[in-house]
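Right, one structure below, let's go through it.
Side chains included, hydrogens not; waters and symmetry mates left out as well; all remaining heavy atoms used. Naming convention: chains lettered A, B, ... in sequence-line order (proteins, then strands); numbering from 1 in each chain.
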Amino acid sequence: MNEANLADAYDPGRVEPVWYARWMQARAFTPRAATDGEGETPFVVLLPPPNVTGSLHMGHVLSSTIQDVFVRYQRMRGRETLWWPGTDHAGIATQKVVERGLRQQGIEPRQLGREEFIARCWEWKQRSHEHIVRQMQRVGWSLDWEREYFTLDEERSHAVREVFIRLYDKGLVYRGRYITHWCPACRTALSDEEVVHEETQATLWTVRYPLVQGGSIEVATTRPETIVGDVAVAIHPDDPRTAALVGQRVRLPLVGREIPILADASVDMEFGSGLVKITPAHDANDFHVGKRHGLDMPVVIDPDGRMNALAGPLAGLDRFAARDEILRRLEAEGLLAGQKPHTLSRGTHDRCGSVIEPYLSDQWFVRMQPLAAAAIRAVEDGRLHFTPERWRNVYLHWMHNIQDWCISRQLWWGHRIPIYTCKGCALMLAAHAAPAQCTRCGGHDFAQDEDVLDTWFSSWLCPFSPMGWPRVTADLERYHPTTLLVTGPDIIFFWVARMVMASLEFMGTVPFEHVLLNGILRDGQGRKMSKSLGNSPEPIALMDAHGADAVRFAMVMLSPPGQDTFFDDKLVETGRHFANKIWNAARLVLNAAARDGWDVALGLGATAGAPAGAQAPQVFQAASASDAFTQACAGMWQDAFARALPAEALGGLRLEDRWILHAYDETVRAIATEMQALRANEAASRLYHFFWDEYCAWYLESIKPRIYGEDIDSKRTGHVVALVLLAQSCKLLSPFMPFLAEELWSRTPGTQGLVLTAAFPRPVAALRDAEAAERFGLMMQATGALRTLRSELRVPPGKKAPALVHSASGTLGAWSGETGELLMLHAKLASLAPVKGRPPESAAVVVGDGALYVPLGALVDLDAERERLTRELEKADGDLARLEAKLANRGFVDKAPAAVVDAERQRREQLIDHRARIVTSLSEMSGKG
RNA sequence: GGGCGAAUAGCUCAGUCGGCCAGAGCGCCUGCCUUACAAGCAGGAGGCCACAGGUUCGAGCCCUGUUUCGCCCACCA
């Protein structure tokens, strides 16, 4: 029990902090054998490992809370459930953070040396890890921390090396000198996926290249600074100028070097001047031209983005400064023939935003096509599903057009490439450790590759590396493949697709059965929430302000699968209000029962030992310590939901009891359906509606006279149903709002253990009661109509009005008993008496098979009432006309399903009746008024 | 240049198999501090379901086209 008191207003800050530790203590997140007939296959979810140096952002909160909802739901259903946590070493991100920290201390990272630098990274990782784990626990995620891994720990490193070695030996990993994306700020190569392309306004310059034989040609370029790296000028073979130009040479402006003009079909004749400069070392397209024609490939830019010695007068300048400089010089020499604005798609590094430099260097690659083939089949033959389904096409399109994966990074923090080169004969061997002896020359001296692997080269093993692969462990056999992966569509290529390939290659199975893509959170302007934009609210601060449960509920309810969500702090208030509502409803139910004394409230004998008295919350606590009481309650809960309520024992269920139990059962069914379809948002909505509108607004209001009244039987039944449904609601709420659910569960008598391990409610056929649903529905409808009437006629809220009821069937049976009593309560009626016809000077409400009349007395003027009735008549006429037209349409009557036609006919009868009674009311009123 | 998504109340969004009068939260207006809750209760206003055609007895939903916005992919210098 927490310090929060049921007498106080809800304060999540006092309720939430204690529970996570209790759950851990109970080892509630480690998988346990299935119960409730929940099959043999465990429900396994892999947490997308957050960057260890990062901190939680709203995207994590959304995605992982959705996971938690499914995990908690399945766990409560009785399925063996495992949600596997881990953190990612995040190569570039972490290295940059540590570098920045060192520079702030005046230390230049590269001078520190590799080993020392890595040691600093580990220190930083240690601190950072603690921070992010605390954050994850704050949100309440039910992860099995006993199985936590780190993508750079020893076991994962072994798996990474093993995978590299196997791929290398199979010829799927190769080293080569190719153009790759290079980040000059991070001084490393990148994969295609790490480059974001954006449309940019640039300039297309036209530069005059003098022909050696005299005259000149014009060449268009957006990158004049690379002129120093040009090795040729290309023209399309079909260009009419080809015959005259090919074979000629031009003299490079400023540089003076002579280069050939050659023909290549990749040139677009329509673009620019139809002549293109070829810089193989600094342009991907030019690289291919260079390959085709066997050209030199001089690198003129250094890894840090500055022009190198080959750039002559530009040497030492940053590439953009060099651009300005060369333009100035070209201009001065009259070689700049023109310039015009030009939009181009420019690549930047997704981590640091620097403009990518296409760069020729030696890198390691994974040959992807052989791996992709299996990954395509797995989706095409249905072993792997996407929700929403359209993402399947995104995945397949990428797979079909897959490019080789550049996996080497010129960094220190990461998995060092397990390649050892013999210093004697240059033989390269892939191995877990330095080989003792060279297999070719017998040498003993080896040098390990200096580079590390792309972070994703460890992440793509997550479906099996946490389980100890390549060792065959019990966990590997039991929990691979996993069941569900929930993640954002932005990492389908980075991660999802690659995991599929890795699992198929090394495990022979898909890594998971379902992929649920959650939406991306956007701010009010539609921008993706990101740390760099600073437009993402700080989740912990949000939880401090509103409670973790509130944030969780809001995120889940407001984010349908695969749809981007515009997020606003205000949305979280919906969750906070709901939490508050739940708390207050529990206060009402628990305190009311306690006030009556638990023995009375629950029909236990006076010997049960539950003290009665005024100190409600304490009474409640003391009561739950009583064994006899606890057992009695527990039995009752069980009876209630295993075999329907023992109605007689409770003194008989009243209409509202039967109705709310029916509504509860409907909700249980709906939630099961929605969860099955992976629509957690819909499940949350159903729960919200049930608890707020049905349980609180109608049911609890209905039973107040009973639980505050004198009739013991009636009181008792009300208490029991209210308490039972409170307990059941705690279970329903637990996946979504686990802290509050746990707190209230612990305070509800008869509950045992933790709610997160309680059995999730299942539908109970015996609770269904169509008749109660119909009668209560009628009462709600009449209440609504009477309330509107009161409001429109300006009856003071405190004033109770007498009402008369007329039934067309003549029996008045429907309104004579419980229905009438409930109506009097909700519509604030002083009395409800039968009447044959419409009394004079009364307002009428037409409902069901009869009408309700409220004598106006001196309350209102008749004109207002006449006006109101006239409006209602117009509406009825409109409805009727529309319906008549529909039924007069032979096409509809002949072709629509019989049930639909019947329903419409029935509705017409009702409407005719309804209208007639309005007309009667009006004419009587005219007669009198 | 290709592909995908969105367009529904003032705002943010649901709307599942085409079938009652299109819903919710927030905001707005009116009235209520009614013994769980003013973080609340009751009532209300507010909609050419982007536009134009089509299919159908019937369309927010299916088809075709158009417009606007967003995203992804792509080696036009």
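Residues A/Met269 and A/Val195 each lie close to RNA chain B; by heavy-atom proximity, the contact nearer the 5' end of the strand is made by A/Val195.
Near RNA chain B, meaning a heavy atom under 4.0 Å from it, residues 276-291 of chain A has A/Val276, A/Asn285 in order of number.
Rounded to whole Å, the C1' atom of B/G70 lies 24 Å from the corresponding atom of B/C76. To the nearest whole angstrom, the two P atoms, one in B/U66 and one in B/C4, are 14 Å apart. Using atom C1' as the reference point in both B/A7 and B/U12, the two lie 14 Å apart (nearest Å). Taking atom P on both nucleotides, B/G2 is separated from B/A14 by 29 Å, rounded to a whole Å.
As a whole-Å value, the separation of A/Tyr395 OH from B/G3 P is 22 Å.
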What pairs of nitrogen or oxygen atoms, one from the protein and one from nucleotides 25-31 of chain B, lie under 3.5 Å apart?
{"unit_1": "B/G25", "atom_1": "O2'", "unit_2": "A/Thr574", "atom_2": "OG1", "d": "2.7"}

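Partners of A/Asp239 by salt bridge (Lys or Arg N to Asp or Glu O under 4.0 Å), not counting sequence neighbours, listed by chain and number: A/Arg241. Take A/Lys291 and apply the salt bridge (Lys or Arg N to Asp or Glu O under 4.0 Å) test, not counting sequence neighbours, and it matches no residue. Contacts of A/Glu774 classified as salt bridge (Lys or Arg N to Asp or Glu O under 4.0 Å), with partners at least two apart in sequence or in another chain: none.
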Kindly determine whether A/Trp583 and A/Tyr10 satisfy ring-ring contact (aromatic ring centres under 6.0 Å, His included), including the steps that lead there. CA-CA 6 Å; A/Trp583 177 262; A/Tyr10 177 55; 5.3 Å; yes
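A/Gln676 and A/Thr673 form no side-chain donor-acceptor contact under 3.5 Å, judged by distance and modelled atom types alone.
Stems are defined here as 3 or more consecutive Watson-Crick or G-U wobble pairs with pairing distances under 3.5 Å; those involving RNA chain B are B:1-7 with B:67-73, B:10-13 with B:23-26, B:28-32 with B:40-44, B:50-54 with B:62-66.
Taking the six-membered ring where tryptophan is involved, the planes of A/Phe271 and A/His342 are perpendicular, since the angle between them exceeds 60° and thus also 30°. Taking the six-membered ring where the residue is Trp, A/His197 and A/His181 present perpendicular rings, their angle passing 60° and hence far from 30°.
When heavy atoms are screened at a 4.0 angstrom cut-off, A/Glu270 is found touching no nucleic acid atom at all.
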